[in-house]
Number of protein chains: 2
Amino acid sequence: MLYAGFMSAALPPLSRPQEPVDPPELLQLGAEPDVDEPCLRADAARNRARLLEAAARLVAEHGAAGLTMEAVAAAASVGKGTVFRRFGDRTGLLTALLDHSERKFQAALLAGPAPLGPGAPPVERLRAFGCAMLRRCVEEMELQLAAEPSPDRRYTIPPRRFLRGHVALLLRQALPDADGELLAHTLMAYLDPALIHHLTAQCGMPLERLEAGWQDLVSRVTRTDPPG
Amino acid sequence: MLYAGFMSAALPPLSRPQEPVDPPELLQLGAEPDVDEPCLRADAARNRARLLEAAARLVAEHGAAGLTMEAVAAAASVGKGTVFRRFGDRTGLLTALLDHSERKFQAALLAGPAPLGPGAPPVERLRAFGCAMLRRCVEEMELQLAAEPSPDRRYTIPPRRFLRGHVALLLRQALPDADGELLAHTLMAYLDPALIHHLTAQCGMPLERLEAGWQDLVSRVTRTDPPG
DNA sequence: AAACGATCCGGACCGAGGTCCGCTTATCGT
DNA sequence: ACGATAAGCGGACCTCGGTCCGGATCGTTT
């Protein structure tokens with residue numbers, strides 16, 4: 001219910017017969033099409049769309065940090081309770097605003113062209129993944145920061161689980177004997193929006209340095225020769 | 001009784017002539033003794049102590065998550081404004097509760113026995129650092145989680161800067177040619193309280209696995225032989 | 001001791017997130 | 001078409017973090 005899609009625009013078919021694909025274990029972790037809300041009542045769907053539209057407009061006008069739930073409700077000519085019933089909380093609303101881009105990104109990972117999508121060797125896919133994440137994060141920095149969940153939900157929300165699962169999958173392919181889950185957490189932490197924002201906006205680091213840092217990190221983590 | 005020592009109990013002298021010490025660049029990043037509050041007025045100091053005592057009691061009773069600023073003020077028989085003037089915000093109050101343990105930890109890093117303190121080779125100090133952090137984090141998990149700062153302050157508050165600076169220092173010693181700052185962020189991210197909590201409490205991972213993961217991560221990151 | 005200025009105190013006040021419950025409306029079976 | 005029922009709606013209400021300013025207190029100076 002929290003992360004249902006914009007207008008549940010069905011993803012393009014995620015497998016093309018002649019191309020390589022990832023194992024299907026990750027698919028169910030993606031942003032669920034309408035799992036929680038199998039079929040919204042007509043008025044509810046209409047209000048949902050109006051709310052998202054209003055929220056997007058208000059974010060464009062006053063910034064994501066200044067977005068208040070009451071303002072969204074008012075701008076959509078809808079009661080405050082409706083906003084919370086539909087999106088759960090403020091984080092849920094912001095997350096919904098990011099949903100469209102999230103789906104595109106997931107689709108690119110699962111079925112897009114290599115090296116981001118399947119077909120390239122795992123380490124190369126990891127390298128591409130990091131750079132794509134960095135770019136996407138910088139693009140949507142404001143929303144990403146405002147949508148940060150509380151500490152106890154931070155690692156359990158579906159989008160992050162999906163991305164982390166993707167990284168873990170690639171790591172297991174590259175390093176069958178390592179603890180892919182923990183290493184995936186480590187790599188994902190490097191791509192945390194709050195960290196990226198700190199380094200770029202607050203410390204003034206150029207994005208190139210962050211990308212080089214990612215390449216270096218992937219190299220170090222996936223190095224397979226024995227310790228020196 | 002975790003939060004016993006309140007008033008800025010002066011740290012033990014941080015350098016002993018006959019023992020190895022770290023360069024002094026980090027010292028000023030530690031928890032400031034009374035930099036912000038050079039000399040509190042008598043009544044203010046008294047109120048500050050009562051507030052910390054009351055807060056510690058309320059945390060023990062109702063958990064850190066359930067702590068409200070108004071309750072602390074009432075329990076200390078003090079006005080609400082006093083709490084905010086003294087500690088800035090909720091995060092500041094929780095951070096103050098962690099200050100004693102933080103100082104002890106910093107002292108152990110700067111002047112304690114090897115391998116945590118100076119004297120051991122940097123990689124060995126890194127290994128010890130991670131395990132010590134993991135243990136400390138688990139001990140004070142509740143407070144650590146409740147005291148998490150907002151995303152834009154997360155990487156700038158003095159305690160974290162100090163710890164990260166320490167890691168960066170060790171990394172630069174071990175890997176003079178690497179980007180120690182970025183790698184320090186990566187290593188520190190592995191030790192983030194929210195992540196530790198997720199893995200141990202929510203995923204049920206035993207602490208041993210996290211420690212092994214840290215050792216593995218340090219090995220991979222500090223490996224100096226050429227990529228395979 | 002008395003007065004004065006800087007510091008501090010207190011609690012009324014505000015804004016925003018989140019909840020609740022009686023009312024409304026869409027949907028579906030007949 | 002129509003009633004029954006479940007889903008949705010709205011906005012009053014609550015809590016809590018954070019602010020503000022008139023008045024009290026401390027420490028110092030003369």
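Heavy-atom basis, side chains included; hydrogens, waters and symmetry copies ignored.
Contact of the A:Tyr190 side chain with the B:His185 side chain is not registered, since no non-hydrogen atoms from C-beta on lie closer than 4.5 Å. With a 4.5 Å cut-off on side-chain heavy atoms, A:Tyr155 and A:Arg164 count as touching. A 4.5 Å side-chain heavy-atom check between B:Phe105 and B:Leu163 finds at least one atom pair inside the cut-off. Side-chain contact between B:Val78 and B:Val72 is absent, with no heavy-atom pair separated by less than 4.5 Å.
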Annotated protein contacts, base or backbone, on nucleotides 12-22 of chain D with a non-hydrogen cut-off under 4.0 Å, one of B, S, - each:
----SBBBB--
Each nucleotide in nucleotides 24-30 of chain D should get exactly one letter: B, S or -. Can you fill that in based on protein heavy atoms under 4.0 Å?
-BSS---
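In this structure, A:Glu139 has no side-chain hydrogen bond (donor to acceptor under 3.5 Å, both in side chains) partners at least two apart in sequence or on a different chain. Remark: A:Arg160 engages A:Asp192 in a side-chain hydrogen bond (donor to acceptor under 3.5 Å, both in side chains) (not counting sequence neighbours). With sequence neighbours excluded, the residues satisfying side-chain contact (heavy atoms from CB on, under 4.5 Å) with A:Ala147 are A:Leu94, A:Thr95, A:Leu98. Evaluation of the side-chain hydrogen bond (donor to acceptor under 3.5 Å, both in side chains) rule for A:Arg90 yields no partner, not counting sequence neighbours. A:Arg57 is linked by a salt bridge (Lys or Arg N to Asp or Glu O under 4.0 Å) to A:Glu61, counting only residues two or more places apart in sequence or in another chain. Evaluation of the salt bridge (Lys or Arg N to Asp or Glu O under 4.0 Å) rule for B:Arg50 yields no partner, not counting sequence neighbours.
Contacts classified as side-chain hydrogen bond (donor to acceptor under 3.5 Å, both in side chains) and involving residues 126-137 of chain B (residues at least two apart or in different chains) are given here: B:Ser101-B:Arg136, B:Glu102-B:Arg136, B:Arg127-B:Gln215, B:Arg127-B:Ser219. Screening residues 194-203 of chain B for side-chain hydrogen bond (donor to acceptor under 3.5 Å, both in side chains), with sequence neighbours left out, gives B:His198-B:Gln202.
Taking atom CZ on B:Arg50 and atom P on C:dC9, their separation rounds to 10 Å, with Å as the unit. Between A:Phe87 atom CZ and C:dG17 atom C1' the separation is 16 Å, expressed in whole Å. Per the geometry, CG belonging to A:Leu93 stands 15 Å off P belonging to C:dA16, to the nearest Å. Nucleotide C:dC9 holds its P atom 12 Å from the CZ atom of B:Arg48, rounded to whole Å.
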Restricting both atoms to N or O, compile the protein contacts to nucleotides 28-30 of chain C shorter than 3.5 Å, with distance only.
none

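No side-chain donor from either of B:Asp89 and B:Thr91 sits under 3.5 Å from a side-chain acceptor of the other.
Listed pair B:Asn47 / C:dC9 meets the phosphate criterion, a side-chain N or O lying under 4.0 Å from OP1 or OP2.
For the helix from C:dA1-D:dT30 to C:dT30-D:dA1, the axis fitted to the five pairs at one end and the axis fitted to the five pairs at the other end meet at an angle of 0° (nearest 10 degrees).
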